[in-house]
*Asks:* 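Take a look at this one; I'll ask things after.
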Amino acid sequence: MTDAGELRSRTRRLLAEHPPATTGRTDFLKARFDAGLAWVHYPAGLGGLDAPRALQAVVDAELAAAGAPDNDPRRIGIGLGMAAPTLLQYGSEEVKERFLRPLWVGEEVWCQLFSEPGAGSDLAALGTRAVRDGGDWVVDGQKVWTSSAHLARWAILIARTDPDAPKHRGITYFVCDMTDPGVEVRPLRQITGEAEFNEVFLTGVRIPDAHRLGEVGDGWRVAQTTLMNERVSIGGARIPREGGMIGKLATTWRERPELRTHELHRRLLDLWVDAEVARLTGERLRQQLVAGQPGPEGSAMKLGFARLNQAISGLEVELLGDEGLLYGEWEMSRPELVDFTGRDAGYRYLRSKGNSIEGGTSEVLLNIVAERVLGLPPEPRNDKDVAWKDLSR
Amino acid sequence: MTAQGDLLYSETEDDLRAAVRALLADRAGHQTLLDRIETADPYVPGLWKSLAGDIGAAGLLVPEELGGQGASHREAAVVLEELGRAVTPLPYLTSAVVATETLLGLAGRGGPATELLAGIASGHTVAVLAVPLSTAPDAEPFPSGTPDGEPSPPAVTGAGPLPAATVTGVADAVAADVLLVPRADGLYAVPAGEATVEPQTPLDLTRPLARVTPEPGSGTRLAEGEAARAAVRRGLLAGAGLLASEQLGLAAWCLEETVRYTRERHQFNRPVGSFQALKHRMAQLWLDLVGARAAARAAADALATGAPDAPLTVAVAQAYCSKVAVRAAEECVQLHGGIGMTWEHPAHLALKRAKSDQIALGSTGRHQDAIAALTNLPAPE
């Protein structure tokens with residue numbers, strides 16, 4: 001088993017052979033990948049060394065100390081967090097060889113073609129069709145809420161291959177080429193005025209069968225790998241006291257005494273307490289993970305942050321009074337990253353409305369907590385054993 | 001970024017929890033409590049000796065050289081979680097936490113405080129700080145006035161003028177051997193025999209309240225001036241911080257019991273717990289509990305380590321956990337339907353304890369005011 005000492009010496013060798021000061025960014029990242037130091041828990045030859053995941057921190061610390069460039073993980077989050085684990089688990093050797101290196105290096109951006117206008121919370125009801133045609137599949141349909149589609153080279157895609165099967169059983173998982181002439185990407189303008197996301201129209205898109213992940217009809221199970229990784233990545237990073245939105249609100253309160261009222265003061269303190277408790281909850285979750293006692297508390301984090309962000313930004317707009325009546329900029333822009341703190345309170349108020357929808361609505365997450373954590377019985381359902389084509393829509 | 005204290009439970013703490021839970025399940029089940037709470041003596045006979053002496057829980061905060069277990073607030077918090085869960089009438093928070101911590105603030109130089117601590121730690125002595133249960137850590141429970149003159153009444157609750165030096169709403173005074181009495185000229189230890197203790201009718205029958213009138217001139221002075229005040233503040237701060245763990249345990253019981261009941265209870269040919277309207281309410285309570293656990297652990301750990309931000313962490317835990325415990329108990333009553341409204345079902349014990357705990361050791365608003373001062377988030381001019 002690879003240990004911390006060996007990883008440290010491997011990292012130093014990489015730095016010696018490819019000094020960051022004189023090596024191009026992409027060349028350095030490729031060399032890092034080839035040295036097995038990209039994600040050490042991945043297999044040898046695919047950017048890793050089959051080492052324990054926790055040892056990645058050893059490599060990262062060495063590289064950061066040497067001023068080495070990173071792969072800008074926020075820009076390629078969907079590739080790193082969702083596509084890569086799925087490719088690793090279900091891809092053929094050729095698929096893994098072909099895709100993982102340019103994905104990790106950031107030469108090829110990925111997006112996720114899952115949600116549809118008619119399949120949001122009920123994702124398994126999706127209607128985009130994939131029909132076999134010789135060695136290819138031909139895909140027709142419409143996807144929505146696709147981040148990075150306008151930048152992406154590849155997509156992970158789920159489509160219906162058997163309309164006669166119940167909805168969970170007739171889905172297949174593919175890698176889709178975003179440069180196919182049948183792919184049309186249109187910006188999806190949000191209530192903030194900007195367009196972080198896209199609608200993607202698929203018309204006669206051809207996908208070789210070699211780009212299928214998992215068995216035909218087994219796409220729902222494959223997609224669980226992707227979605228589990230999404231929930232992990234939305235949990236939120238470690239933050240200091242008054243980190244996040246509450247810090248903005250507290251600063252405004254301190255600097256603008258003329259805005260204060262008693263009623264707002266009580267609500268500010270309520271939210272300050274809630275934000276501090278959310279921070280402590282995150283700390284406790286991290287301590288559990290470090291101690292090897294992962295609990296179900298992770299699902300609490302996303303629910304809590306959605307509610308808090310909305311309440312805090314709402315209070316801030318109200319506190320600002322006359323200024324709260326104004327909005328920075330309505331012109332449609334296409335941001336690469338969501339920046340909650342760089343813009344005004346009105347933007348935060350509107351953007352955080354998405355926090356309780358994206359990555360699973362709060363209502364669906366509450367069902368998951370109730371059924372999987374508390375063990376409460378499911379609602380009776382009438383959609384599980386019916387052919388997809390016979391479902392109401 | 002400052003280091004964050006340990007928010008988990010150690011193996012020792014888990015073992016302690018198991019011992020306390022087994023004891024309470026065996027000796028102080030809900031039916032036992034329902035049979036006793038309307039009598040003059042709600043405390044289950046012999047239970048204090050078992051918890052305080054046999055398990056050693058009364059001396060957790062007291063160093064070994066002073067006759068205690070040399071543990072910390074973290075372990076005492078786990079005991080309180082279990083006492084909250086079972087809504088047990090015992091003078092633990094009052095004697096083993098508030099009075100103990102007050103005396104620890106004075107025990108540096110030996111003397112009567114040190115002797116008292118040894119008795120409390122062994123479980124032989126129950127001591128109670130003679131202030132209203134509602135007293136917040138930053139309150140000023142010492143009456144003003146000249147040392148020899150007639151002291152004016154301290155903060156009082158209830159209607160009508162009271163004789164001087166009478167304090168109302170003193171929790172567990174009826175069980176006390178010694179009362180720690182704040183007077184204008186210092187903090188006194190007064191034997192219970194030298195005070196009049198008149199039981200009041202409390203909302204929460206599992207935490208007896210009494211009107212306490214120490215005889216003039218009674219008792220031994222333990223400290224005076226700022227030393228006495230600081231010790232009492234320290235006692236109340238520890239009490240408020242660990243009350244959060246009692247509230248956590250109570251809320252956890254309420255949720256578990258509600259989940260259990262709604263899985264079994266059938267209406268409309270389904271378990272009522274399968275209705276989304278109810279599931280979401282229970283899931284939301286679970287989220288609140290996850291937060292309450294983090295907040296209560298943070299407060300216990302901050303007190304145990306003497307963290308400089310302990311007053312803030314305690315205020316946060318109180319402001320949060322009070323609310324969660326009340327909501328959990330209210331939801332427990334509501335989601336049980338009719339049975340939750342009956343005397344025979346224990347939900348009302350939890351509701352009454354939770355509602356009283358909301359007022360105990362400082363209201364939510366009082367703790368929020370403390371937070372505002374500590375974090376520089378001032379009220380309007």
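Every chain is numbered from 1, with letters handed out A, B, ... down the list of sequences. For clarity, every value in this text was computed on a predicted model and none was experimentally measured.
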*Asks:* Using non-hydrogen atoms and a 4.5 Å limit, figure out which bit of B:Q284 sits close to chain A: side chain, backbone, both or neither.
*Replies:*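 Both the backbone and the side chain of B:Q284 come within 4.5 Å of chain A.
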
*Asks:* So which part of B:L255 gets closer than 4.5 Å to some heavy atom of chain A, the side chain, the backbone, both or neither?
*Replies:*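 Only the side chain of B:L255 comes within 4.5 Å of chain A.
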
*Asks:* Does A:Y349 have more than 12 heavy atoms from other residues, nucleotides or ligands lying within 6.0 Å of its OH?
*Replies:*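 Count not over threshold, so no.
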
*Asks:* Look at B:L8, B:V259, B:V290 and state which one has the largest set of heavy-atom pairs under 4.5 Å with chain A.
*Replies:*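 Highest number of pairs under 4.5 Å: B:L8.
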
*Asks:* Closest approach of A:T261 and B:P380, non-hydrogen atoms and distance?
*Replies:*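 The answer is C-CG, 3.3 Å.
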
*Asks:* Taking A:S362, A:G243, A:A300 one by one, which has the highest count of heavy-atom pairs under 4.5 Å against chain B?
*Replies:*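 The candidate making the most pairs under 4.5 Å is A:A300.
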
*Asks:* Rounded to the nearest 0.5 Å, what's the gap from CZ on A:R279 to CD on B:Q4? Could you check?
*Replies:*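 Atom-to-atom, A:R279:CZ and B:Q4:CD are 5.0 Å apart.
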
*Asks:* Using non-hydrogen atoms only, which part of B:D6 is less than 4.5 Å away from chain A: side chain, backbone, both, or neither?
*Replies:*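 Both the backbone and the side chain of B:D6 come within 4.5 Å of chain A.
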
*Asks:* At a 4.5 Å cut-off on heavy atoms, which part of A:A291 comes close to chain B: side chain, backbone, both, or neither?
*Replies:*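 Only the side chain of A:A291 comes within 4.5 Å of chain B.
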
*Asks:* Within a reach of under 6.0 Å around CG of A:D322, are more than 12 heavy atoms found that belong to other residues, nucleotides or ligands?
*Replies:*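 Counting neighbours around CG of A:D322, 12 or fewer heavy atoms of other residues, nucleotides or ligands fall under 6.0 Å, so no.
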
*Asks:* Among A:H262, A:E242, A:Q288, which residue has the highest count of heavy-atom pairs closer than 4.5 Å to chain B?
*Replies:*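 Most pairs with chain B among the choices: A:H262.
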
*Asks:* Is the backbone of A:A370 close enough, under 3.5 Å, to the side chain of B:H280 for a donor and an acceptor to pair up by distance?
*Replies:*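 Not a single qualifying donor-acceptor pair exists.
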
*Asks:* Considering only NZ, NE, NH1 and NH2 on the basic side and carboxylate oxygens on the acidic side, decide whether A:D270 and B:K323 come within less than 4.0 Å.
*Replies:*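 Looking at B:K323 together with A:D270, the answer is no, because their closest N to O distance does not fall below 4.0 Å.
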
*Asks:* Any chance you could measure B:W286, atom CH2, to A:L376, atom CG, to the nearest 0.5 Å?
*Replies:*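 One gets 12.5 Å once the value is rounded to the nearest 0.5 Å.
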
*Asks:* What part of B:A295 gets closer than 4.5 Å to chain A, counting heavy atoms only: side chain, backbone, both or neither?
*Replies:*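 For B:A295, backbone and side chain are both near chain A.
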
*Asks:* Measure across A:R284 and B:Y9 and return the closest heavy-atom pair with its distance rounded to 0.1 Å.
*Replies:*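 Residues A:R284 and B:Y9, closest heavy atoms: NH2-CE1, 3.5 Å.
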
*Asks:* Answer with side chain, backbone, both or neither: which region of A:E258 has an atom nearer than 4.5 Å to a non-hydrogen atom of chain B?
*Replies:*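 It is neither, since no heavy atom gets under 4.5 Å.
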
*Asks:* Mark yes or no for whether A:Q287, through its side chain, and B:G5, through its backbone, hold a donor-acceptor pair below 3.5 Å.
*Replies:*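 Here the side-chain-to-backbone pair exists.
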
*Asks:* Return the OG1 to CD1 distance between B:T375 and A:I246, rounded to the nearest 0.5 Å.
*Replies:*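 If we round to the nearest 0.5 Å, B:T375:OG1 and A:I246:CD1 are 9.5 Å apart.
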
*Asks:* I want to check something: taking the side chain as every heavy atom from C-beta on, are A:V273 and B:H367 in contact at a cut-off of under 4.5 Å?
*Replies:*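 Side chain of A:V273 against side chain of B:H367, heavy atoms only: no contact under 4.5 Å found.
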
*Asks:* So, taking the atom named CG in A:L269 and the one named OG1 in B:T364, what distance separates them when rounded to the nearest 0.5 Å?
*Replies:*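 Atom-to-atom, A:L269:CG and B:T364:OG1 are 11.5 Å apart.
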
*Asks:* Between atom CD of B:Q276 and atom CD of A:E371, what is the distance when rounded to the nearest 0.5 Å?
*Replies:*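 The CD atom of B:Q276 sits 8.5 Å away from the CD atom of A:E371.
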
*Asks:* In Å, rounded to the nearest 0.5 Å, how long is the span from NZ of B:K279 to CD1 of A:I368?
*Replies:*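 Result: 10.5 Å between the selected atoms.
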
*Asks:* Select one option (side chain, backbone, both, neither) describing which atoms of A:L303 are under 4.5 Å from chain B's heavy atoms.
*Replies:*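 Only the side chain of A:L303 comes within 4.5 Å of chain B.
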
*Asks:* Please flag which part of A:E276 lies under 4.5 Å from any non-hydrogen atom of chain B: side chain, backbone, both or neither.
*Replies:*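 It is the side chain, since no backbone atom gets that close.
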
*Asks:* Is it true that, when you exclude B:E11 itself, more than 12 heavy atoms of the residues, nucleotides or ligands shown sit nearer than 6.0 Å to its CD?
*Replies:*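 Open: at most 12 neighbouring heavy atoms sit under 6.0 Å from CD of B:E11.
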
*Asks:* Please determine whether a side-chain nitrogen of the Lys or Arg among A:R266 and B:D369 lies less than 4.0 Å from a carboxylate oxygen of the Asp or Glu.
*Replies:*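 Here A:R266 pairs with B:D369 in a salt bridge, since their nearest N and O are under 4.0 Å apart.
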
*Asks:* Side chains of B:P378 and A:R260: does their closest heavy-atom pair fall under 4.5 Å?
*Replies:*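 In contact.
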
